[in-house]
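Here the structure is laid out as structure tokens; the discussion comes afterwards.
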Amino acid sequence: MSQQSIIIATADVREERGIEETTTGLDLFGDDRTVVAMRVDGETRDLHRAVSAGEEIEPVSISSAEGLTILRHSAAHVAAQAVQHLHSDAKLGIGPPIVDGFYYDFDVPEPFTPADLSAIEKQMLRIVKERQRFRRRPVSDDEARQELSGEPYKLELIADKGTATADDGASTEVGAGQLTIYDNLRRDDSVAWKDLCRGPHVPHTGYIPAFALTRVSSAYWRGDQANQQLQRVYGTAWPSREELKAHQVRLEEAAKRDHRKLGRELDLFSFPDEIGSGLSMFHPKGGILRKVMEDYSRQRHLEAGYEFVYTPHITKGELFDISGHLGFYADAMFPPMHVDEERHPDGTLKRQGVDYYIKPMNCPMHCLIFRSRGRSYRELPLRMFEFGGVYRYEKSGVVHGLTRVRGMTQDDAHIYCTAEQMQGELISLLQFVLDLLSDYGLDDFYLELSTRDPDKSIGSDESWEQATDALREAAAVSGLDLVLDPGGAAFYAPKISVQARDAIGHRWQMSTIQVDMMLPDRFD
RNA sequence: GCUGGCGUGGCGCAAUUGGUAGCGCAGCUGUCUUGUAAACAGCAGGUUAGGGGUUCGAGUCCCCUCGCCAGCUCCA
């Protein structure tokens, strides 16, 4: 049967196929394991569910994006079942599909070891071979609470089901409407395991032809640092052994292109322990590469109408009090260098004590250049550019090669313009940024629009709205995909960021464009 | 920062139940001149991240610090 076919279960079709008035998706699509679910009037459902006359039904192929998601989510269930079989005291968190795979979180007394992981894998294989059926069973909230009384995290999801969001993964478990429980049934229809879940799933565990557990780590319950840390088991699942193998080969190939490895092997840069984490040294070969890139960037900025400025690496804290950064980012700045106060012999003050900071960003300094004298509207737009060396005390666990560091050089520019000029500047700036990135060989990226976090921001609603609209418009003109990042903005401005992926699959924020309507006020 | 794993010559790795730290590549010195996966011979290179402890004896066991890796949280 063609997987693209749409079956309309009218009387004619039923007659033609010799199927009953009410039947199931499995009856329609058979059990050859290439169709994992069905879309009924646009809603994806388990193949076990009944279909009836007049419904438009479409098969979901195991190889389609949605089919893979269902496959991987089903594999997560099997992982959880295997874990609870081997560790009866493990409490269930959530188990959603992710890119190329899935994970499932557990609260266990002892963290999993690699040996545990392979034992879990073996148990999963047994479950897959048993072809346990996934049975969907709608339940009331009370029934769900009753049946899952031993699962505190599931109970929490049930209690919060109205507020579940995709962000914390809870929506894949409970959703907004009626709760459903999925039972894994053995051949004799006895219940081997059950879980609270929205579904859908593959019809039975035999539909998971190729999977592997990849790593174990920890993660905060519902993504909140204040919560309990759970053990997260990661896995990957594919429609065939060949595809699983190909995926593993891709990962090996990617590892060879890890920039940290290349940087060492090609003698480009290093991070000596004596200097400190996240502080890079560019060797001669890395230095010449860097110079070529910098020279090119300078040339392009010159051509695009930027003026070059230079600002110091350290400043009195007063600057960041004015800008507001100390209030929001003091924890992520290197601690201040304190200069003691000094007094004359008669006790009068000779010099006041003061704190100097290494700058974590250049914005306030450029603002000071702007206001160093009176400005005329005739000067606008005024575009200032600098290779600004900045330092941020990034948390120890996040430092990564050259992509997340504690000391870096930003190619940083600030454009001062009138409200009327803003839209035009944004559009040409975004184009400029994208052109430059593509000249450096980066072409696989998308845009993200980070909007206001009401709990972590300053300024009026009106100015935020105006800035956000202008960015949205500029993004639309670029024609690139735009992903929303609600609440992700810095305290003073919304931003568009260019997101790119590195060789080993990590996503990194590249250039950002922010419309800042706060700093101009703060710097008068 | 959190959880887990790890830390042996520049790089990649070995070292049986705690019992003299080895190998390959790179480097250096010769020989060879041979067409792009790496010729031959020889030499040198390590207070096993650092500190403390247990022990007759610690690369191996315990504690602390530093650093690295994976994931989480964060990312002006």
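Side chains are part of it too, since the values below use all heavy atoms of this structure and drop only hydrogens, waters and symmetry mates. Here is how names work: the chains are called A, B, and so on, in the same order as the sequence lines, proteins then strands, and each is numbered from 1.
Close to B:C75, at under 4.0 Å from its OP1 or OP2, lies a side-chain N or O of A:Lys456. Put simply, A:Lys261 has no side-chain N or O that comes within less than 4.0 Å of OP1 or OP2 on B:C11. The side chain of A:Arg260 places an N or O atom within less than 4.0 Å of a non-bridging phosphate oxygen (OP1 or OP2) of B:C69. The side chain of A:His400 places no N or O atom within less than 4.0 Å of a non-bridging phosphate oxygen (OP1 or OP2) of B:C75.
When heavy atoms are screened at a 4.0 angstrom cut-off, A:Ser396 is found touching base atoms of the nucleic acid. Residue A:Phe491 is classed as having no contact, given no heavy-atom separation below 4.0 Å to the nucleic acid. Backbone-only engagement by A:Gln514 is indicated by non-hydrogen atom pairs under 4.0 Å involving sugar-phosphate atoms exclusively.
Taking atom CZ on A:Phe112 and atom P on B:G5, their separation rounds to 14 Å, with Å as the unit. Between the C1' atom of B:U3 and the CH2 atom of A:Trp221 lies a distance of 17 Å, rounded to the nearest Å. Rounded to an integer number of Å, the gap from OH of A:Tyr393 to P of B:A76 is 19 Å. Atom CZ of A:Arg404 is separated from atom C1' of B:C69 by 16 Å (rounded to the nearest Å).
For A:Ser217, the listed nucleotide lying nearest its side chain is B:A70; candidates were B:U73, B:A70, B:G67. When the nucleotides B:C11, B:A76, B:C72 are ranked by their closest atom to the side chain of A:Ala219, B:C72 comes out on top. Listed nucleotides: B:C2, B:A70, B:C75. Nearest to the side chain of A:Gln229: B:C2. Distance from the side chain of A:Val398 is smallest to B:C72 among B:C72, B:A76, B:C11. Of the candidates B:A76, B:U3, B:C68, B:U3 carries the atom nearest the A:Gln231 side chain, counting heavy atoms from C-beta on.
When the nearest nucleotides of RNA chain B are assigned to A:Gly401 and A:Gln225 by heavy-atom distance, the more 5′-ward of the two goes with A:Gly401. Between A:Gly278 and A:Cys363, the one whose closest nucleotide on RNA chain B sits nearer the 5' end is A:Gly278.
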For this session: Might you work through the ring-ring contact (aromatic ring centres under 6.0 Å, His included) test for A:Phe308 and A:His301, ending with a clear yes or no?
Result: CA-CA 9 Å; A:Phe308 292 9; A:His301 279 86; 7.2 Å; no

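If you check the side chains of A:Ser457 and A:Arg452, you find a donor sitting under 3.5 Å from an acceptor. Residues A:Lys91 and A:Gln228 have side chains that never bring a donor and an acceptor to within less than 3.5 angstrom of each other. Side-chain contact annotation: A:Tyr446 with A:Arg507, donor-acceptor N/O pair under 3.5 Å present.
For the C1' atoms, the distance from B:C43 to B:G4 is 44 Å, rounded to whole Å. Rounded to whole Å, the C1' atom of B:G24 lies 28 Å from the corresponding atom of B:G18. For the P atom pair drawn from B:U16 and B:U73, the interatomic distance equals 40 Å after rounding to whole Å. Rounded to the nearest Å, the gap between the C1' atom of B:C6 and that of B:G12 is 16 Å. Across B:U47 and B:A58, the matching C1' atoms stand 13 Å from one another, rounded to whole Å. The C1' atoms of B:U54 and B:C74 are separated by 41 Å, rounded to the nearest whole Å. Comparing the P positions of B:C69 and B:U29 gives an interatomic distance of 35 Å, to the nearest angstrom. Nucleotides B:C63 and B:C56 have their C1' atoms positioned 23 Å apart, rounded to a whole Å.
At a cut-off of 3.5 angstrom, counting only N and O atoms as typed in the model, there is no donor on one side facing an acceptor on the other between the side-chain of A:Ser277 and the base of B:G67.
Under 4.0 Å is where a charged nitrogen must lie from a carboxylate oxygen, and between A:Arg404 and A:Glu394 at least one such pair does. A salt bridge does not link A:Arg250 to A:Glu253: none of the charged side-chain nitrogens sits closer than 4.0 Å to a carboxylate oxygen.
Side-chain contact between A:Tyr104 and A:Asp195 is present, with heavy atoms from C-beta onward closer than 4.5 Å.
The nucleotide B:A14 finds no pairing partner, because no Watson-Crick or G-U wobble arrangement with both distances shorter than 3.5 Å includes it.
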